[in-house]
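A short worksheet on the structure shown next.
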Amino acid sequence: MPEILEAEAARLVLEESALKRKIVSVEATDAWYLKGGLTLRAARAALPGHKFIRARRRGKQLFLDTNLSGPVVGLHLGMSGRVVVDRKAAGDPLLYASNRDAKEWYRFAVVFADGGRLALRDPRRLGAVVFDADEDRLGPDALSLGLVDLRAAVSKSRAPLKAVLMDQKRIAGLGNLLTDEALWRGAFDPTRPANSLDASELARLHRAIRTTLRTLGRRGGSHTGDLMVARLPGGACPLDGAPLRRQKVGGRTTYFCPQHQI
DNA sequence: GATGACCTGTGA
DNA sequence: TCACAGGTCATC
């Protein structure tokens, strides 16, 4: 997604405008979008008559709790999804996703008794709606990540540091852009074995992650990092001007500075 | 763990 | 036409 910052923006919109409204119907023209065995029939049997009472998030995964022991509705935005409540879309426009507004991109919607609706718009269809998902498949949330959590996440693997940070069952929420930015700010080579960090490096990485999330959160999203402007073939490090390296790490395109990220 | 698959849109 | 995209999953 939309990484953790966009998911949090979506959660806020849900919290502010999707709670305590009676649900009257469910629209899911795209059966593909329902995952974990969920069917349109089941969703229509389970949701109408209920209200959402809480909007939660763990990493990039959103959860809506319902009253009267209804299901927990899980929403995932995939690579291009956005939450739209009534006419208001959550968060900033996505960089690599179109911000056009085609009818057929609306994959799922919950209609409220007042006539409003909560919808998911997702051109690429990589998002998902799931009921009662196993939330513990995700690691600790990156926005409240403690140093102890970070140590536990990285200390047991010699996989590339970046791959470990992006592994959602170890730490939930860090995606490609945020991870590159945090490693750049903390001056870490993304390909370093995760378990090679000593105590002071772990503390430095922890600070870098926190600073990255706080700063980019204030600026308005995962795409507002300092490294972002140089994220193109031939880009130069905004810190020291060295040519950035572009390389696949953990299966994702990675930009880093071979000069200061060691 | 690395790889390719999933799906669609965009821009070169 | 091709490569690429802020994510995740199955599979080797």
Side-chain angles (χ1 to χ4, degrees), chain A residues 1-10 29-37 57-62 74-83 89-108 120-130 133-135 137-139 142 153-154 156-184 190-195 212-213 216-217 219-229 231-235 246-255:
Chain A
M1 52 185 121
E3 304 187 35
I4 194 168
L5 299 175
E6 288 70 30
E8 176 59 14
T29 44
D30 194 349
W32 159 267
Y33 213 72
L34 307 176
K35 297 292 158 71
R57 181 192 54 72
R58 179 146 162 187
K60 311 169 190 175
Q61 178 75 53
L62 296 162
L75 307 176
H76 200 289
L77 304 177
M79 291 276 270
S80 61
R82 298 183 76 181
V83 163
D92 275 0
L94 290 166
L95 213 58
Y96 301 116
S98 171
N99 293 291
R100 270 170 42 220
D101 203 7
K103 269 268 188 301
E104 62 270 26
W105 292 346
Y106 285 80
R107 312 292 176 187
F108 179 84
L120 245 57
R121 168 155 51 90
D122 183 3
R124 284 179 67 185
R125 297 171 82 206
L126 290 170
V129 175
V130 191
D134 173 15
E135 303 183 16
R137 293 181 56 227
L138 297 166
V154 303
K156 286 179 185 155
S157 170
R158 24 181 236 88
L161 181 56
K162 173 172 177 176
V164 170
L165 293 176
M166 287 183 54
D167 182 345
Q168 302 299 299
K169 62 182 185 294
R170 291 198 163 96
I171 297 171
L174 298 180
N176 200 30
L177 296 182
L178 289 174
T179 306
D180 274 9
E181 177 82 10
L183 292 173
W184 176 79
T191 66
R192 264 184 75 166
N195 62 3
T212 297
L213 293 178
L216 275 54
R219 290 182 190 171
S222 307
H223 61 287
T224 61
D226 294 355
L227 186 60
M228 202 61 203
V229 296
R231 224 187 149 73
L232 69 174
R246 179 185 194 269
Q247 184 183 328
K248 292 265 186 209
V249 181
R252 310 301 301 281
T253 300
T254 302
Y255 286 87

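Each chain gets a letter, A, B and so on, in the order the sequences are listed, and its residues count up from 1.
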Rounded distance (Å) that lies between atom C1' of C/dT8 and atom NZ of A/K35 = 10 Å

query = Please give, in whole Å, the distance from C/dG7 P to A/L174 CG?
reply = 10 Å

request  = Look at the side chain of A/M79 and decide which nucleotide, out of C/dG7, B/dA2, B/dG9, has an atom nearest to it.
outcome  = C/dG7

Spacing of A/D122 atom CG relative to C/dT8 atom P, expressed in whole Å = 13 Å

task = Enter the distance from A/Y33:OH to A/L126:CG here, rounded to the nearest 0.5 Å.
result = 8.5 Å

Separation of the P atoms in C/dC9 and B/dG9, to the nearest angstrom = 23 Å

query = Closer than 4.0 Å, any side-chain N/O of A/H76 to the OP1 or OP2 of C/dG7?
reply = no

request  = Give a yes/no answer on whether the side chain of A/T253 brings an N or O atom under 4.0 Å of OP1 or OP2 in C/dA5.
outcome  = yes

All N/O contacts under 3.5 Å from nucleotides 3-6 of chain B to the protein, with atom names and distances to one decimal?
none

query = When you measure from the side chain of A/Q168 to the backbone N and O of A/M166, does any donor-acceptor pair fall under 3.5 Å?
reply = yes

note = Regarding the side chain of A/R125, the nearest nucleotide among B/dC7, C/dG7, B/dT10 is B/dC7

request  = In sequence, state the C-alpha distance, the side-chain angles, and the governing distance for A/D226 and A/R231, and then conclude on salt bridge (charged side-chain N to carboxylate O under 4.0 Å, His left out).
outcome  = CA-CA 10 Å; A/D226 294 355; A/R231 224 187 149 73; over 6 Å; no

ask   = In this structure, which one of A/T212, A/T179, A/D180 forms a side chain to side chain contact (heavy atoms under 4.5 Å, CB included) with A/L174?
value = A/T179

ask   = Does A/L75 offer a backbone N or O that forms a donor-acceptor pair with the side chain of A/Q61 under 3.5 Å?
value = yes

query = Given atom CG of A/L178 and atom C1' of C/dG7, what is their separation to the nearest angstrom?
reply = 13 Å

Polar pairs (N or O, both sides) under 3.5 Å between protein and nucleotides 9-12 of chain C?
none

Qualifying residues under salt bridge (charged side-chain N to carboxylate O under 4.0 Å, His left out), relative to A/R170, sequence neighbours excluded = A/D167

remark   = Closest heavy-atom pair, A/S80 versus A/P2, reported as atoms and distance to 0.1 Å, is N-CD, 4.2 Å

key: Contiguous pairing runs of three or more, Watson-Crick or G-U under 3.5 Å, that involve DNA chain B   = B:1-6 with C:7-12, B:8-12 with C:1-5

request  = Could you list the residues that satisfy side-chain contact (heavy atoms from CB on, under 4.5 Å) with A/R158, not counting sequence neighbours?
outcome  = A/P193, A/N195

query = Would you say A/S157's side chain and A/V154's backbone share a donor-acceptor pair under 3.5 angstrom?
reply = no

remark   = Rounded to whole Å, the CG-P distance (A/N176 to C/dA5) equals 8 Å

task = Would you check if there is a donor-acceptor pair between the side chains of A/T191 and A/K162 at a distance under 3.5 Å?
result = no

message = Give the residues of residues 162-173 of chain A touching DNA chain B, defined as any heavy atom closer than 4.0 Å, sorted by residue number.
response = none

key: Rounded distance (Å) that lies between atom P of B/dG9 and atom CG of A/D101   = 13 Å

message = With a 3.5 Å distance limit and no angle check, can you tell me whether A/E3 reaches the backbone of A/G173 through a side-chain donor-acceptor pair?
response = no

remark   = Rounded to whole Å, the CG-C1' distance (A/L177 to C/dA5) equals 10 Å

message = Quick check on DNA chain C: between A/R252 and A/R246, whose nearest nucleotide comes earlier from the 5' end?
response = A/R246

request  = Taking the side chain as every heavy atom from C-beta outward, state whether A/Y255 and A/P190 have any pair of such atoms under 4.5 Å apart.
outcome  = no

inquiry  = Salt bridge or not between A/R107 and A/D30? Use side-chain N to carboxylate O under 4.0 Å.
reply    = yes

query = Just by distance, do the side chain of A/D122 and the backbone of A/G127 share a donor-acceptor pair under 3.5 Å?
reply = yes

request  = Please report, rounded to the nearest Å, how far the C1' atom of B/dG9 is from the NZ atom of A/K103.
outcome  = 19 Å

